[in-house]
Amino acid sequence: MADFMIAFLICNVWLSLIAGMLFAVRRLFGKYLTSRTAYHLWFLLLGACLVPLLPLPSIRMPQAFAVLKLLCAADGSSRQGMAEDALNVRPAGVAGWAHDIGISVTSNAPSGIGQFLFCLWIAGAALTAVFFLRHTMCFRRIRQSALPLQNADIRSIYRFCLREMQIKKEIPVYSTAFLRSPVIAGFFKPCIYLPIQVICDCPARQVRYMLLHELSHYRHRDTLVQLLMKLTRIVYWFHPVILYALSQMHTDRETACDASVLKLLHPDAYADYGNTLLDLAQHVSAPSFPSAAGIGGTMAQIKKRVLHIAAYQPATKKQRAQSTLALLLTAAAVSAFLPLLSTQAADNSRYFFSEQGRQVRSLDLAEAFGSYNGSFVLYDTADNSWQIYQKDAALTRMPPASTYKIYSALLGLETGTITPDQSVIRWNGRRYSYESWNADQDLTSAMKNSVNWYFQAIDTRAGMDEARRHIQKIGYGNQMANNDPASYWTDGTLKISPVEQVELLQKFYHNAFGFAPEHIEAVKQAIQLESDGSGALYGKTGTVACEGNNISGWLVGFVEKGSRTCFFATNIQKESHADGSAAAQLTLDILAKLHIWK
């Protein structure tokens, strides 16, 4: 949830820009907009406010916002580099090729800043919801005490208003002593509530204006819009720009209803309608009930409405066309922001995987995993099927550790840092705990011995701008990278889920990246683990360490057997002794059980 909160706050920056754009459209093109279109513009903001809460796939954030997210997520914790003293246990079944080194990352504990902000947001939303709930219960008591309208004259006026508004359904009308201004409330069974003071003291023509106004709310389903506005206030209680926009939306809604009433009146009655608002100004108030809409409002809102009534002219056909065009163009502009607003199922630490059009089966591997948590994902080209153990874990992003070296090698080849024929990088002379690292390395030896300095040298020579373009082009996990070429894939910044690992391996195998075919083949040969007469096994292990304990192990790869290729990803997690070697042994057992590899 901490990751969600940080992403949510970034989305709020975009929402501010959208709100600002809508204010600018209203100011620059106000004379071309009808009252109803000016109100409908705010529906674009309501829709945009909903997007961050929907499970939609997101696109990459601009780098400035990605850096902001990294800074917020860091929470001041120190990030460690490579752990050369990590455990390197090699079970007998994988001895000879599971040369895996633990990569230390920051503790998995969520960001303290993110957690605090999330708790603060929830607390504020809860208090706001309680406030609205209190008003809802208050209005419920008012509804229960209201009586059906008995005044025959006003009922006659009401039936005339229904005909004027061309509404066939007769909306129940009630009288009450506990409201100061008329309102219409209810979604499925709307009712109009008239204060007794209005019934007794107001002239018939003014009652007619009020009833027409409330029926206009009914025609345009404004009680539902009122609820959506209240819910938006609950979620975005902290956002001054959105709160101000909602206030403006309320004014525009009432102005649009005023215009609907004025269209039914003779021009000589416009001033009388405005005077009705002025006469009520000292009594009316904006309805604070979530499911109610009414003629009331604040003094500032009523002042704006009266000025609009004074300058009202019926919209011409040309103005309506211009207004519609402005709304469509604004909607198109707002839609360009929508992909930036997704927090990816409300949590950027998870991958959105749609099963639509895919054959997905669940596997029961609880016995094989034993005391390990984690997941296993397999895609089989033979029958175009997916098999997944622990789907929730398979969609959770985590540090890739040394499995990223597959794609670091591709970066080196594509940038010319190394070539298939000349991939040697000279040893820098630093003494490492692993003797196999203390020598010159080529791509095959560096991949086999998981030599971190080799791949960090590739990233350093290519540069971080190129590295970022690379991970964005191939769509690697969360596509987030810090500015340090020696640590962006070792410090927990870059993350990927097991399902994404499998999808990415398919793209690698079929060269969906559009890279040079010889570069794909060079990396493929470097990650070959075993082969026999029937096929070959390819893959790369990875180990994540935290505070000296190996807490997460990977094996990702694929099996070739004739025309059949099976892509897989295994991740195991435990407080200790969860490394790439253990993940490799577990994967071999699963592949044997599924009759995919010996």
Side-chain angles (χ1 to χ4, degrees), residues 60 63-64 66-67 70-71 74 78-86 99-106 399-496 504 508 513 515-516 519-520 522-523 526-527 540-545:
R60 179 179 60 87
Q63 190 60 37
V67 171
L70 290 176
L71 292 175
S78 61
R79 294 185 177 274
Q80 305 173 38
M82 174 189 65
E84 297 179 16
D85 58 346
H99 294 237
D100 187 48
I101 308 301
I103 302 299
S104 285
V105 298
T106 304
S402 293
T403 64
Y404 178 73
K405 291 171 182 175
I406 297 172
Y407 306 98
S408 180
L410 280 176
L411 171 65
L413 290 164
E414 284 295 304
T415 57
T417 302
I418 58 175
T419 68
D421 297 328
Q422 180 50 263
S423 61
V424 174
I425 295 181
R426 301 297 180 187
W427 174 42
N428 56 17
R430 176 184 172 184
R431 299 297 301 181
Y432 296 96
S433 300
Y434 301 97
E435 192 58 38
S436 60
W437 289 22
N438 300 322
D440 297 347
Q441 305 287 336
D442 61 15
L443 181 57
T444 300
S445 66
M447 195 72 75
K448 177 182 178 182
N449 296 308
S450 203
V451 181
N452 279 21
W453 67 257
Y454 180 91
F455 296 97
Q456 290 168 338
I458 287 177
D459 295 333
T460 299
R461 295 179 184 183
M464 278 310 301
D465 288 341
E466 196 63 44
R468 288 194 190 92
R469 281 192 288 269
H470 180 68
I471 63 175
Q472 291 159 11
K473 179 176 181 178
I474 66 178
Y476 194 92
N478 63 2
Q479 302 181 37
M480 293 177 62
N482 62 31
N483 289 317
D484 186 357
S487 68
Y488 74 94
W489 55 269
T490 67
D491 68 352
T493 299
L494 187 64
K495 295 183 179 181
I496 192 169
L504 206 58
F508 163 77
F513 311 130
F515 293 160
H519 295 166
I520 298 292
V523 176
I527 63 173
K540 184 71 189 77
T541 56
T543 299
V544 177

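Computation of the quantities below employed the complete heavy-atom set of this structure, encompassing side-chain atoms and omitting hydrogens, waters and symmetry-equivalent molecules.
- I496 CD1 to N478 CG: the interatomic distance, rounded to the nearest 0.5 Å, is 8.5 Å.
- Contact of the H519 side chain with the P420 side chain is registered, since non-hydrogen atoms from C-beta on lie closer than 4.5 Å.
- Taking 4.5 Å as the limit, every side-chain heavy atom of T415 sits out of range of all side-chain heavy atoms of I458.
- T493 and D491 share a donor-acceptor pair across their side chains, judged by distance under 3.5 Å alone.
- Checking side-chain atoms of K540 against main-chain N and O of I527 turns up no donor-acceptor pair under 3.5 Å.
- Residues Y476 and P400 form a side-chain contact, since some pair of their non-hydrogen atoms from C-beta on lies under 4.5 Å apart.
- Of all the heavy atoms in S450 and S402, the pair that sits closest is OG-OG, 3.1 Å.
- K405 contributes atom NZ, which lies 8.0 Å from atom CD of Q456 (distance to the nearest 0.5 angstrom).
- Side-chain contact between W489 and T403: absent, with no pair of heavy atoms (C-beta onward) separated by less than 4.5 Å.
- Closest non-hydrogen pair, A401 versus V544, comes out as CB-CG2, 3.8 Å.
- Remark: R468 CZ to M480 CE distance equals 11.0 Å, nearest 0.5 Å.
- Not one N or O on the side chain of H470 forms a donor-acceptor pair closer than 3.5 Å with the backbone of L410.
- Closest non-hydrogen pair, S423 versus D442, comes out as OG-CB, 3.4 Å.
- In this structure the side chain of S487 reaches within 4.5 angstrom of the side chain of N482, judged on heavy atoms.
- In this structure a side-chain-to-backbone donor-acceptor pair under 3.5 Å is present from W453 to W437.
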ring-ring contact (aromatic ring centres under 6.0 Å, His included) evaluation trace for Y404 with F455: CA-CA 10 Å; Y404 178 73; F455 296 97; 9.0 Å; no
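- We find the CD-CD1 distance between E414 and I520 to be 7.0 Å, quoted to the nearest 0.5 Å.
- A donor-acceptor distance shorter than 3.5 angstrom exists from the side chain of Q441 to the backbone of A439, with no hydrogens or angles considered.
- With S408 as the partner, the side-chain contact (heavy atoms from CB on, under 4.5 Å) test is satisfied by one option alone out of L413, I471, D459: D459.
- V451 and S445 make their closest contact through CG2-O, 4.3 Å (heavy atoms, listed as atom of the first residue, atom of the second, distance).
- To the nearest 0.5 Å, atoms CG (N452) and OH (Y432) are separated by 8.5 Å.
- Proximity of a side-chain donor or acceptor of D440 to a complementary backbone N or O of W427 within less than 3.5 Å is detected.
- In this structure, CG in L411 is found 14.0 Å from CD1 in I406, a value given to the nearest 0.5 Å.
- Among N449, V424, I418, the one residue that satisfies the side-chain contact (heavy atoms from CB on, under 4.5 Å) test with Y454 is I418.
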